Each structure stands twice: as C-alpha cells, then as structure tokens.
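It should be emphasised that the depicted structure is a prediction, and the values quoted were computed from it without experimental measurement. Values below: every heavy atom of this structure, side chains too, minus hydrogens, waters and symmetry copies. FYI, the numbering just counts along the sequence from 1.
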Amino acid sequence: MAERDERQPQPSGEPAGGPADEPGFADQVGAAIRGSRLGHLDPQAAPSAGALLGAMGGFRGLVESLLPGILFLVLYTTTRDVLVSVLVPFVVSVGFVAWRVLQKGQPALAFAGLIGVGISAAVALITGDAQDNFLWGFTVNTIVILVLLGTMLARRPLIGIIVGALTGTPYAWRTQRAKRTVAWRATIMWLVVVSARLAVQVPLFLAAEAGTPGSIEALAAAKLLMGVPLYLAAMWVTWLMVRTVLDSPAAPGTAAGDAEAR
C-alpha cells in the first residue's frame, strides 16, 4: 500500500518556508493597519470623498488636524507673539483629546495630534523663535522618507504591504507583476509627495531663520496646504492605481522567487 502523504499543500500566493503560526513582518503590519481607521477602506470600491474622509477620522478628525495649524497662522500673523501663537493651538488640541475621552470615543488621532503640537510648541517656546514650531514636522517627514526608502531597499514597497493587508493578500504584491509594479509606483509617488513638503518648506524655514519678512506666515500656509489636502489627493490617486490591478491574475509560472529576483 502506498504511504499516505500527510503534507498539506502550500496556500496559493504564500511563500514556502517558515511555520504558518509565526506572523511575518507583513502580517504584523497588516494587523496594525486593519485595526486603524485606514483599515475601513475597501480598495476594490470606487474612490469616494466620504470614504477618504472617514479614513482621516471624519469631519471631526479633519478639524482636529487642521485647526491647530490655522490658529497658529492667524494668531502669529495678528499678534507676532510666539507664546500665544503656540500655546493656544496646544490648549485646543488638549480640548480635542478631553472631548473624545469624555464621550468615550477613540482619542488616538487627537492624542497623536496633541503630541505633535505639544513637541512643536515646546521647541518654539524654548528657543523663542516661531519658525522652530515647524522643526518637529520636518523630523516626522524625514522619518517617513527613511521608512519609505527602507521598504524599497528591502524590496517590500510600503504601499504594497498596506494594500496587501487591506485586501487580505499580503504576498500577492510580490508574486504578481502588475500588482508589484503598482506597489512600487505608488510608494515612489508617496516618497515624492513627502519629499516635496521638505523641498518647499525647508527653504522657507531657512528664510525665516535669516529674518526674511513674511517667511513664517508663508511656511505656516505651505504646511497647511501641503498637509491634509495633499495627502487626501495622494490617497485618491493611490486608490485609483490599486483598483486597476486588484483583479489581475497571477502570470503563469510566477513565483515568490521571481519577485525576490526583481
């Protein structure tokens, strides 16, 4: 009698090797993404302003993201007082967090914003220079650029990991040529978007350091315009790119090793 083969076939699209019960990096990132507001997006659905707004925390999340920056711009333009200009947005951010906690909501977005506003305010108050309120933002953008570059050097473009997590097919982006191409192009697009923020805002910061009139106001306005509005536009384009390849089948003979070799 022939010996029975107890081995189970490898799931389609999942690279061989490694115990199935040990989550890899993509699985861990995927779990985090699915637990966030971004996890509510359905890449297969038609892009809509409402869905993107929901991923940003809804209208309330949009206000929590934009209002501190608007307050800084208005207050500094009208008062030229660094203390007032950085403390009022910070107090407003504290209010947002307290409001969510009292309503037993999810204060994660507001709390994350509070941390950023708090660090920015602290740096500006310590130095006494209004333009130093933007140093934390430069630091965050630099970290994002390094993360994007790191995933690209590891041949795991970040957008591929994110979309793979949202669709429940984390390995398809490595084994299917069309999806791999979109993952790379979308990740490069985000790298350009974040780099553009620094390319525009750092010269304005340096101009403010040199005492050029109006440069701080221009820097604050650039940060607002190149913040949420630019990110929403980039998310919309990414969504459109992803939808074009979601249903594309794997090419015959394509394997994970082929993806690695490329």
Engineer: Minimum heavy-atom separation for G160 to A183, with atom names?
Structural biologist: CA-CB, 3.6 Å
Engineer: What heavy-atom pair brings R156 and I161 nearest, and what distance separates the two atoms?
Structural biologist: O-CD1, 3.6 Å
Engineer: Checking V193 against Y231 for the side-chain contact (heavy atoms from CB on, under 4.5 Å) test, could you report, in this order, the C-alpha distance in whole Å, the side-chain angles of both residues, the deciding distance, and whether it holds?
Structural biologist: CA-CA 8 Å; V193 166; Y231 288 151; 4.2 Å; yes
Engineer: Measure the CG-NZ distance between L204 and K223 for me, rounded to the nearest 0.5 Å.
Structural biologist: 13.0 Å
Engineer: Are the ring centres of F72 and F90 closer than 6.0 Å?
Structural biologist: no
Engineer: Please enumerate all residues that pass salt bridge (charged side-chain N to carboxylate O under 4.0 Å, His left out) together with R80, with sequence neighbours excluded.
Structural biologist: E217
Engineer: Please report the interatomic distance CG(L71) to OG(S85), rounded to the nearest 0.5 Å.
Structural biologist: 10.0 Å
Engineer: List, one per line, each side-chain donor-acceptor pair under 3.5 Å for residues 119-128, sequence neighbours excluded.
Structural biologist:
{"residue": "S120", "atom": "OG", "partner": "G116", "partner atom": "O", "Å": "2.9"}
{"residue": "S120", "atom": "OG", "partner": "N133", "partner atom": "O", "Å": "3.2"}
{"residue": "T127", "atom": "OG1", "partner": "V123", "partner atom": "O", "Å": "3.1"}
{"residue": "T127", "atom": "OG1", "partner": "A124", "partner atom": "O", "Å": "3.4"}
{"residue": "T127", "atom": "OG1", "partner": "D129", "partner atom": "N", "Å": "3.3"}
{"residue": "T127", "atom": "OG1", "partner": "D132", "partner atom": "OD2", "Å": "2.6"}

Engineer: Hey, is the main chain of L158 close enough, under 3.5 Å, to the side chain of T151 for a donor-acceptor pair?
Structural biologist: yes
Engineer: Stepwise, does the side-chain contact (heavy atoms from CB on, under 4.5 Å) test hold for W190 with I159?
Structural biologist: CA-CA 9 Å; W190 277 96; I159 301 304; 3.6 Å; yes
Engineer: State the CG-CG distance between L224 and L230, to the nearest 0.5 angstrom.
Structural biologist: 12.5 Å
Engineer: My understanding is that only residues two or more places apart in sequence, or in another chain, count here; which of them pass ring pair (Phe, Tyr, Trp, His ring centres under 6.0 Å) with F205?
Structural biologist: F138
Engineer: I need the L206 CG to Q201 CD distance, nearest 0.5 Å.
Structural biologist: 12.0 Å
Engineer: Calculate, to the nearest 0.5 Å, the distance between atoms CH2 and CG belonging to W136 and N141 respectively.
Structural biologist: 11.0 Å
Engineer: About how many Å separate CG of L191 and CG of L149, when rounded to the nearest 0.5 Å?
Structural biologist: 5.0 Å
